[in-house]
Asker: 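Once you've had a glance at the structure underneath, I'll fire off some questions.
In listed order, ligands and their atoms are each counted from 1. If you're wondering where the values come from, they're calculated on a predicted model, not measured in any experiment.
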Amino acid sequence: MTERFDLVVLGGGPGGYAAALYGAAAGLRVALVEEQRVGGTCLHRGCIPAKELLQTAEVLRTVTGAARFGVVVEPPTLDLAVALERQQQVVDRLTKGLETLLRGREVTVFPQRGVVADAAAHRVRLDDGTEVEGRGLVLATGSAPRAFPGLAFDGVRVLSSDHVLRLGEVPARTVIIGGGAIGCEFASYLADVGSRVTVLEALPGILPGVDPEAAAIVGRLFKRRRITVHTGASVEGATTGEDGVVVRATVDAAPLEVEADVVVVSIGRTPRTAGIGLEGSGVVVDPRGHIEVDAAMRTAVPRVYAVGDVVDSPALAHVAFAEAMVAVRDLLGEDPQPIDYGRVPWGIYCHPEVAFCGLTEEAARAAGHEVVTSVHRFAGNSRAQIMQEADGLVKVVATAGGVLLGVHIVGPWATEQLGAGYLAVNWEATVADLAPLVQPHPTLGELFGESVLALTGRALHG
Ligand code: FAD
């Protein structure tokens, strides 16, 4: 039996559910095929459960440091079972909300695995043999954790991000392979809840892509919290046993062995494009498994789109949302504006948080700009002092003519602070546009205003 729709979406994560919701909001009849609960990696195995655990870590840190505020509490202990229960409640509430939203927009959700039966006909075959066909098809099957070569995930000693989010006990010692965003978030969480953490990063610094000045602050504060970071570490392998795991690496040409209870592999993700019917479909998949698309998210087959982690763009939920909207608008013939990937916002929720958008100082110079920068530290910000969270900085990168190119924040609630900088960079605002704007006092956001003001040559506080 073939059911007909305007739009068929394969995969119900942020890319897929955004395509379904946005398409339905535009009046399309939409079929959404999802083999698990809707929400995808982000809601069930990524952004939300990870940030929820980081929030638990923050509560623990706050209570541990409460005496400095004159609030005397018993030394706090962590009940991870309660924390995990709360994590699941948050996930369940959000999932129910999403399901209600989809129902409200009359999206037909097929809770089954689907494969592309005929790409040119925009037809997907479900496990029960039903076929769904549309005028357009959006592929949004997402990604899965990438294993380290020769070191299969076992969920006991060798953990993926999926396993870390469900850990029922805090491992006494953890090795994390990979010091990117997810690796650093896990390092921060596990250290806060009492694990002795070692991060092994192959590149010369942690958090590749982050402004080096900001990344260095994270590295310094990690060290203060007894997180050991080895950069330039080439991991060769690991041996698991009854008592733990030994990870072998070479650091600066010297051999290194680290013993731990668990090793967390956080070296990126693999697009889920194998086994979904793309072979011989006309949809082109690159050697790394990503589906090739143009700026309107179009694959090589007319009106077949791909969005989210299956394409080679920043693997972020909000990028998947944006790509989904571009795809739907193209299907509707609306000539959507392509996404400017160089200016999407990034948020990293370790302690201290990092958030940025646009060019780093280095990248701006490499792109040929004559660059000016303004750096202001939270040590001089009253709200940060009140919060006892005064480590970190705001760095504004602009052209010599005053056009903002990049905003980089490391420090308290950096991910919530980025909004103003994000708008400024994407609106191509100038220092002259922004400097007269009034910032509320006392707020963390004043530091962005101050950093811009300083580029007029006359600062107030810094
Ligand atoms: P996914 O979310 O992977 O969804 C794909 C869906 O397709 C899944 O539900 C899957 O079950 C379904 N599916 C696959 N194949 C089939 C099939 N054949 N039939 C039916 N259904 C199928 N991003 C952020 O922006 N901010 C963060 O803070 C953040 N934190 C993260 C933390 C962790 C630990 C991880 C792992 C990721 C994090 N991400 C974060 C990344 C974010 O989760 C992904 O970029 C996002 O989920 C990608 O959305 P997607 O729709 O492309 O794919």
Side-chain angles (χ1 to χ4, degrees), residues 8-21 31-55 87 95 98 109-117 124-128 132 137-146 159-166 176 178 180-189 264-278 290-291 293 297 305-324 327 344-350 353-355 414-415 418:
V8 173
V9 181
L10 183 58
Y17 75 68
L21 289 172
L32 177 62
V33 181
E34 167 56 58
E35 62 183 336
Q36 301 182 357
R37 284 186 85 186
V38 289
T41 302
C42 172
L43 186 43
H44 300 283
R45 297 172 299 280
C47 326
I48 304 302
K51 264 85 269 188
E52 207 282 338
L53 289 180
L54 283 155
Q55 192 63 36
Q87 178 202 49
T95 308
L98 177 57
V109 178
F110 291 90
Q112 293 188 58
R113 184 178 153 68
V115 293
V116 176
V124 167
R125 185 178 314 113
L126 312 183
D127 267 352
D128 69 0
V132 283
L137 170 63
V138 172
L139 303 171
T141 46
S143 63
R146 185 182 304 150
L159 309 184
S160 72
S161 55
D162 296 358
H163 302 124
V164 177
L165 297 171
R166 299 279 178 270
I176 298 177
I182 294 174
C184 283
E185 287 186 3
F186 284 153
S188 186
Y189 160 65
V264 176
V265 179
S266 184
I267 56 169
R269 297 182 60 88
T270 308
R272 291 179 62 181
T273 48
I276 59 163
L278 297 185
H290 291 114
I291 297 174
V293 286
M297 314 316 297
Y305 300 86
V307 302
D309 285 7
V310 287
V311 305
D312 191 7
S313 61
L316 294 165
H318 46 276
V319 170
F321 295 152
E323 290 174 342
V344 299
W346 291 78
I348 303 166
Y349 298 71
C350 54
E353 287 192 355
V354 181
T415 54
L418 184 65

Asker: Distance to 0.1 Å, residue and atom name: give those for the protein heavy atom nearest to atom 7 (O) of ligand 1.
Answerer: Gly11 CA, 3.3 Å
Asker: What are the two closest heavy atoms between Val38 and His44, and how far apart are they?
Answerer: O-NE2, 2.8 Å
Asker: Provide the number and element of each atom of ligand 1 under 4.0 Å from a heavy atom of Cys42.
Answerer: 2 (O), 43 (O), 47 (O)
Asker: Does ligand 1 have any atom sitting under 4.0 Å from a heavy atom of Glu185?
Answerer: no
Asker: Please report the shortest heavy-atom distance between Ile176 and Ser266, naming the atom on each side.
Answerer: CG2-CB, 4.4 Å
Asker: If you measure from CG on Leu32 to CG on Leu21, what distance do you get to the nearest 0.5 Å?
Answerer: 8.5 Å
Asker: I'd like to check which ligand 1 atoms, numbered from 1 as shown, lie under 4.0 Å from a non-hydrogen atom of His318.
Answerer: 25 (O)
Asker: Can you report which non-hydrogen protein atom sits closest to atom 49 (O) of ligand 1, along with the distance?
Answerer: Pro14 CD, 3.3 Å
Asker: To check your reading of the model: name the closest protein heavy atom to atom 52 (O) of ligand 1, its residue, and the distance in Å.
Answerer: Asp309 N, 2.8 Å
Asker: Looking at atom 4 (O) of ligand 1, what's its closest protein heavy atom, distance included?
Answerer: Gly13 CA, 3.4 Å
Asker: Minimum distance, heavy atoms only, to atom 42 (C) of ligand 1: which one of Ala320, Ala181, Ala140, Cys47 is it?
Answerer: Cys47
Asker: Please report which non-hydrogen protein atom sits nearest to atom 11 (O) of ligand 1, along with the residue it belongs to and the distance in Å to one decimal place.
Answerer: Glu34 OE2, 2.7 Å
Asker: Looking at every non-hydrogen atom in both residues, tell me the closest pair between Cys42 and Pro14 and how far apart they are.
Answerer: CB-CG, 3.4 Å
Asker: Roughly how far, to the nearest 0.5 Å, is the OG1 atom of Thr41 from the CZ atom of Arg269?
Answerer: 4.5 Å
Asker: So, for Cys184 and Cys350, which heavy atoms are closest and what is the spacing to 0.1 Å?
Answerer: O-CB, 3.6 Å
Asker: Could you tell me whether Thr41 approaches ligand 1 through its side chain, its backbone, both or neither, with non-hydrogen atoms closer than 4.0 Å?
Answerer: both
Asker: Is Leu278 close to Leu139 at the side-chain level, that is, under 4.5 Å between some pair of heavy atoms?
Answerer: yes
Asker: Between the candidates Ser266, Ala315, Pro271, which shows the shortest non-hydrogen contact distance to atom 41 (C) of ligand 1?
Answerer: Ala315
Asker: Of the side chain and backbone of Leu10, name the one, both, or neither that has a heavy atom under 4.0 Å from an atom of ligand 1.
Answerer: side chain
Asker: Which atom pair, heavy atoms only, marks the closest approach of Val310 to Pro271?
Answerer: CA-CB, 4.1 Å
Asker: Any idea which atoms of ligand 1 are less than 4.0 Å away from a heavy-atom of Gly308?
Answerer: 52 (O)
Asker: Heavy atom under 4.0 Å from ligand 1: found in Tyr349's side chain, backbone, both, or neither?
Answerer: side chain
Asker: Among protein heavy atoms, which lies nearest atom 21 (N) of ligand 1, and at what distance?
Answerer: Glu35 N, 3.2 Å
Asker: Which residue supplies the protein heavy atom nearest to atom 19 (N) of ligand 1, what is that atom called, and how far is it?
Answerer: Gly114 N, 3.0 Å
Asker: Just going by heavy-atom distances, which of Arg113, Arg272, Arg269, Gln112 is nearest to atom 10 (C) of ligand 1?
Answerer: Arg272
Asker: Which ligand 1 atoms does Ile276 reach within 4.0 Å, using its non-hydrogen atoms?
Answerer: 18 (N)
Asker: Please state whether Lys51 comes within less than 4.0 angstrom of ligand 1, counting heavy atoms only.
Answerer: yes
Asker: Go through it in stages, so that I can follow the logic: the residues are Val9 and Phe110, the test is side chain to side chain contact (heavy atoms under 4.5 Å, CB included), and I'd like the CA-CA distance, side-chain angles, deciding distance and then a yes or no.
Answerer: CA-CA 10 Å; Val9 181; Phe110 291 90; over 6 Å; no
Asker: Looking only at heavy atoms, which two atoms of Leu418 and Trp346 are closest? And how far apart?
Answerer: CD2-O, 4.0 Å
Asker: Tell me the protein heavy atom at minimum distance from atom 37 (C) of ligand 1, and give that distance in Å.
Answerer: Ile182 CD1, 3.8 Å
